[in-house]
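Right, one structure below, let's go through it.
The model shown is predicted, which means the values in this text are computed figures rather than measured ones. All ligand and atom numbering here is 1-based and tracks the order in the structure.
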Amino acid sequence: MIDKLARRKIFSGQTVTRGIQKEFAEHKEDAHALVKGRIDFFNKIYGFRFEHICIKNQKTRWGSCSRKGNLNFNYRIVFLPPRLTDYIVVHELCHLEQFNHSEKFWCLVANVFPDYRALRRELRQKKIG
Ligand SMILES: [Zn+2]
């Protein structure tokens with residue numbers, strides 16, 4: 001038996017999901033344009049090869065890089081301060097060259113962001129969703 005409270009919870013859960021889907025649809029293109037622009041900018045420095053840029057609706061990550069060279073970003077990136085957007089873009093770009101979080105990887109990131117540690121910390125404090 002579903003009591004009133006449980007029913008209300010299910011209902012609000014559906015509302016939240018629907019709200020997020022709507023938000024995703026509304027911001028997907030903006031996120032893509034933003035990310036594409038920043039990748040073009042930073043990749044002038046790095047000159048890495050990549051395949052596709054994909055905007056996703058994920059709950060746990062801001063970005064990822066696949067072995068095939070596809071770059072994925074969370075649409076919520078549009079809500080972040082520009083320095084954090086740039087950090088995420090640079091971070092994923094550097095994974096094209098170093099598919100790990102080795103010292104070499106962080107050296108690549110540090111070319112653009114010598115203070116990447118502070119940005120990383122700041123980003124960790126941001127909740128997704
Ligand atoms: Zn990483």
Check: Could you walk me through whether Trp62 and Phe73 pass the ring-ring contact (aromatic ring centres under 6.0 Å, His included) check?
Finding: CA-CA 6 Å; Trp62 287 106; Phe73 296 92; over 10 Å; no
Side-chain polar contacts of residues 27-37 - donor-acceptor pairs under 3.5 angstrom, sequence neighbours left out - could you list them?
from, atom 1, to, atom 2, distance (Å)
His32, NE2, Ile53, O, 3.3
Lys36, NZ, Asp40, OD1, 3.4
Lys36, NZ, Asp40, OD2, 3.0

Check: What's the verdict on salt bridge (charged side-chain N to carboxylate O under 4.0 Å, His left out) for Arg83 and Glu122, showing C-alpha distance, side-chain angles and the deciding distance?
Finding: CA-CA 10 Å; Arg83 63 181 178 282; Glu122 192 182 347; 2.5 Å; yes
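- With His91 as reference, Trp106 is the one residue of Phe42, Tyr46, Phe113, Trp106 to meet the ring-ring contact (aromatic ring centres under 6.0 Å, His included) rule.
- A donor and an acceptor atom, one from each side chain of Tyr75 and Glu26, are nowhere located under 3.5 Å apart.
- Classification of the His101-His95 ring pair by plane angle, with boundaries at 30° and 60°, yields perpendicular.
- For the Zn ion (ligand 1), the nearby protein N/O/S atoms, meaning those under 2.8 Å, are His91 NE2, His95 NE2, His101 NE2.
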